[in-house]
Amino acid sequence: GSRFKESVAINAGLLALGNVVSVLGDPAKKGGHVPYRESKLTRLLQDSLGGNSRTLMIACVSPSDGDFEETMNTLKYAHRARNIKNKPVVNHDPQLAQLAALQDENEA
């Protein structure tokens, strides 16, 4: 019942995240549509993935033979995520900068 619906929603969110990472990490798709609105997860991570921020993603892998396929999929996903290039810029408020300059001038 409810657990099944929850697992379907989680898998849909992870699939949408994979699609976003694929579009952002592929230079051939640069400038194309990024499907951020496909899930709540991708909408929440929109600024972190393709916005004005630095983002760290950690991939958890296992040395076990039984987890080989899952580890390979994780490493492929991490490689696609590593190809995402953001250029974060510090946001400056010009009014605050001018106010600080006037205060410094006033104190001098």
Side-chain angles (χ1 to χ4, degrees):
S2 64
R3 284 186 171 221
F4 177 73
K5 287 181 184 179
E6 183 180 0
S7 66
V8 168
I10 290 171
N11 285 336
L14 291 175
L15 178 64
L17 180 61
N19 291 338
V20 168
V21 168
S22 292
V23 170
L24 290 174
D26 188 0
K29 298 178 183 177
K30 189 142 184 129
H33 171 69
V34 182
Y36 289 118
R37 294 184 179 187
E38 287 187 5
S39 77
K40 291 179 184 178
L41 178 64
T42 53
R43 190 174 284 239
L44 285 171
L45 295 175
Q46 181 174 358
D47 290 334
S48 298
L49 291 171
N52 188 24
S53 62
R54 290 180 180 253
T55 304
L56 175 69
M57 187 175 283
I58 299 172
C60 298
V61 296
S62 171
S64 172
D65 289 340
D67 297 326
F68 177 76
E69 187 175 334
E70 190 70 28
T71 296
M72 285 305 297
N73 288 336
T74 301
L75 290 174
K76 288 177 187 176
Y77 181 82
H79 182 70
R80 287 195 325 253
R82 189 180 85 179
N83 290 335
I84 298 173
K85 302 295 182 206
N86 285 351
K87 295 178 183 169
V89 179
V90 177
N91 297 329
H92 290 286
D93 185 0
Q95 291 178 341
L96 288 177
Q98 185 179 14
L99 181 63
L102 289 173
Q103 287 175 341
D104 289 343
E105 183 181 309
N106 201 15
E107 290 174 0

Between OH on residue Tyr36 and CG on residue Asn19, distance to nearest 0.5 Å: 12.5 Å

Qualifying residues under side chain to side chain contact (heavy atoms under 4.5 Å, CB included), relative to Ser64, sequence neighbours excluded: Ser62, Asp67

Min side-chain heavy-atom separation Pro35-Thr42 under 4.5 Å: no

Nearest-0.5 Å distance that lies between atom CG in Leu75 and atom CE in Met72: 6.0 Å

Least distance between heavy atoms, Ser53 atom then Ser48 atom: OG-CA, 3.3 Å

Sequence neighbours excluded, every pair satisfying side chain to side chain donor-acceptor pair (under 3.5 Å) that has a member inside residues 70-81: Ser22-Arg80

Within 6.0 Å of CG in Asp65, more than 12 heavy atoms from elsewhere: no

CA sep, side-chain torsions, deciding dist, call: Leu14, Leu41, side chain to side chain contact (heavy atoms under 4.5 Å, CB included): CA-CA 8 Å; Leu14 291 175; Leu41 178 64; 4.2 Å; yes

Polar side-chain atom of Asn86 near backbone of Leu49 as donor-acceptor pair, under 3.5 Å: yes

Donor-acceptor contact present, side-chain Asn83 to main-chain Asp26, <3.5 Å: no

Joint hydrophobic cluster, Ile10 plus Met57, side-chain heavy atoms closer than 4.5 Å: yes

